Every structure is written in C-alpha cells, then in structure tokens.
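To start, the structure itself, in structure tokens.
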Amino acid sequence: MSTSHKDDFDVSEQNLSAKRDGFSSGFGVLAATLGSAVGLGNIWKFPYLTGANGGAGFLVVYFVATLLVGLPVMIAEITLGRHAKANPITALQTLAPKGQPWWLIGAFGMLASFLILSFYSEVVAWVFAYVAKAIGGSILSSDRQVTEAAFGALISDPLQSLLWQWLVLIVMGGILLLGVTKGIEALTKKLMPALFLLLLLLCGVSLSLDKAGEGLSFLFRPDFSKITASVVLTAMGLAFFKLSIGMGTMITYGSYFRADQNIPQTTFRVMSADLCVSLLAGIAIFPAVFTFGFEPAAGPALVFITIPAVFSQIPMGQVLMIMFFVLTAIAATGAMLSLMEVPVLIIHERLGLSRPQAVSITLALLALTGSTCALTNSTLADFKLFGLNMFDLFDFVSSNIILPAGGIFVALFIGWVWGFDKLRHALSNQGTLHNEKLARIVFFLLRYVSPLLILVVMLKGLKLF
Ligand code: TRP
C-alpha cells in the first residue's frame, strides 16, 4: 500500500483489529450474499409483478434497470461496507468528510428495513402456513376455486395471520442469536442448490402443460404498450429489492467481506444467479397460469394459488410441494435475516447494546409494525393511507421511494465524494487485481448514469414531473 493512501485505510485497519464476526471463506461470501438476494423477491414478488405489469415488456425493463443501476449500486455498497467495516450509519460517517450528513443513507435504510420486514415477515408467514397446509394435503388441486379459497381463508383470518408471523419472528430471532458466520452461512450454503433443482423440476412439469406456449410468450415476447412511467418505476424498485440494495444491507454484508474477495465478480455472480432463480420461478408459474385459467394479474396471491396446481399434475406432488414450501421458507429466511441484520447491527454498534438485546428490540418493534401488515386482509382491511392498505403502502414506499433514493445517494457518494482513486483501489483489492477498466466503467455509471436514471424514473413514476 502506498503511503499516499495511508489515511484512507486507517479506518479499516483500526476496525479490523476490533473483534468482528465475518464470513469465513470465499464461497461463504458468495453463498451468504446470494442468500440475501434470493428470497421472496424471486419466488413471490417477481412473478406477481411481472404478471400484473404485462409480462415480457416488464421483464426487459427490469433487466435493463438491473444492469445500469442495480449492478453498480450493489458494487458500491459492498465496497463501502468492506472498506469501513461497520454498520451503514457508522460506515458513511467514517468515510464522509466531517459534517456531511451521508450517514442519513444508513438511517433511512433502517427505516426501510422495518417497512420491508413488516410485510416480508407476513409473506414468510404465508409460506410457513403453506408448509402446514401442504402437509395437510387440502390445497393440492388444479381447481382455481379450491386454491384461491385456501389462500383467502388464510389471509382473512386475523389470528392465523398473526400467529404465523410471530412464529416467523421467533425463528428469525433464534437464528440471529447464533451469530453471523454460523447462523447465516451454514443455512444458505446447504439449501440453495436444492431449491434450484426443485424449481428446475417444476419448470419441466409446467412446460409440459397444454398452454405452456401461451405462458412462455407472455413471459418472453415483449409488448411494450403496457409500459408506463409507473411500471418502469416498479421494475426498477424490483431490481433494488431483489439485489437487496438501497438501504444498507449490502453495506452491512460488505463489512463482513474478506479483503481478498473479488467484489465485482461476486456481485456479477450473485446478480446472474438471482436472475436465473427468478426466471425459473416465472417459467414454473406462467404456463400453469394460462393452462388452468388463473389470472396473471392476481397480485400477491399469484404464487400461492398457482404452485399447488402445478404440483397436482405429478406423482408424489404432495411430498414435492411440501419440499418446495420448506425450501422457499429457507430462502426467504436467508433474505429476511439480511434485512434484520441492518437494524440489529446499528443498534448493537451505535447504542452499545449486546447483540441479543439488539435482536430482541428489533423483533419487538417488528411485531408491532408487522402486525399492521398481518391484519391488512382482515381487521385492518379498511384502514388506508394515500389509498393504500398498510401492506401495499409499506411495499410501495420502500421499493419505489426509499431504496431508489438510497441508490442515488450511494452512487453520488462514490461518484462525487469518495472519488475514482479510492474506488479503483478498493475494487482491485489494493492493486492485486487488474480491473482498472472495469473500475472506470463502474465509476462512470455511479457518477452520472445511475443517479440521473434513478432520479428521472422516480420523478416520472411518482408523477412529480
Ligand atoms: N432480496 C431479498 C429478496 O429478494 C429481499 C431483501 C433482503 C431485501 N435484503 C434486502 C430487499 C434489502 C431490499 C433491501 O427476497
């Protein structure tokens, strides 16, 4: 390391020496980061948003947003996190010049994490409940009325919704108390491939259905007539949501990265794998949607009502469906843990409370905010703000406002404050990797393209411009 850079690296050296949990191996890093990215965003949100926004056209916009905005912002977050080795608030405080409020990115991130966790924990609750329902056997049917009634009965029952959510919170709390390395790494590493294989099998089944062709052309033959500004914003919000960026999750995960991890390469791999899982989920679902007469625009219910229909077509469908919901629950758990890690680490490092205390506080707050989402389809069905119920409101505000805004500021921070030299140095692992050209491209995207693009999409999508 040249002496001229000494000042920049003091921060990380200092913090490295403090005892801090971290990922133990290169593969562990990839698996854990993937564990954060792959979750309900892929299996639940991606199919339902694609269905609701016209199919392939939405997919194309989503893909472009991922490349031009998602990848660079994800690289930026991981880099900042690894460099500062701290929670998002402290990270930006130490990296920014004195007196500049960049740490607000971390503060808003914490707010976003509660908004997202509030509805996310409820969807995980549905998945847990579906494991039980799958074991009971009553939902295995290709009859639209049967699967829709089963889902409706679950979400409109306030007690069931709450109890399943509490179970989810208790399970997450237990895992988090085991610590970063053991808890998150071990779980995600082992089970990701199994989910992938099961999705492949589902795709095979779905592709053999009568109207598979219709499903595939819905998913892959673009019709841009349905693309409005708000659809573009939704697609971009989904890109942020799926890559877990815009609120400090990747800053937090970056802080556990090892010094020799190749950040751009890891990011690219995570993005590609994440995309594959989403596409597989889409291919598993849409042929069935068209074959059995479901509504592509069914909304958040889509996966829960169509997947049982696919499994009803194969021998041992019930056993495989149980496996599917168990694996989905595990993938969702990995993602949810990464969301919780943001407030937990902030409370732990900023307020000086122990990790168990930080976990308990996070869970207690979440039980409160989350219950509004659990009760959205029952007790609180008529309670709306800005015309949206709490579930939709939390989702909208986080994905379409806070995450993209967080992305703008992370990009601006690297592009205009941190600067090219530090980025290049960090991306090349202090000169050991030869990726200067790549660093230039990433820097250019972060300095000009991503912030402008996000801003325009947000202003247009929110009809402010
Ligand atoms: N990416 C996860 C999923 O697809 C959800 C998630 C985890 C997330 N951490 C995040 C979304 C941080 C936004 C921000 O399910």
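Start at 1 and go down the list; that is how both ligands and their atoms are numbered. In this text, all values refer to a predicted model and were calculated from it rather than measured experimentally.
Taking the six-membered ring where the residue is Trp, F304 and F151 present parallel rings, their angle staying beneath 30° rather than reaching 60°.
Here Y253 and F257 keep their ring centres 6.0 angstrom or further from each other.
At a threshold of 4.5 Å between non-hydrogen side-chain atoms, the residues K45 and V123 do not count as touching. By the 4.5 Å heavy-atom criterion applied to side chains, Y130 and F324 are not counted as neighbours.
With K85 contributing its side chain and R82 its backbone, the two residues share a donor-acceptor pair below 3.5 Å.
For ligand 1, the protein residues placed under 4.0 Å by at least one non-hydrogen atom are S36, A37, G39, L40, G41, N42, I116, Y120, F241, K242, S244, M247, T249, A335, S338, L339, L403.
No option in Y120, F391, W164 other than F391 meets the ring-ring contact (aromatic ring centres under 6.0 Å, His included) test with W126.
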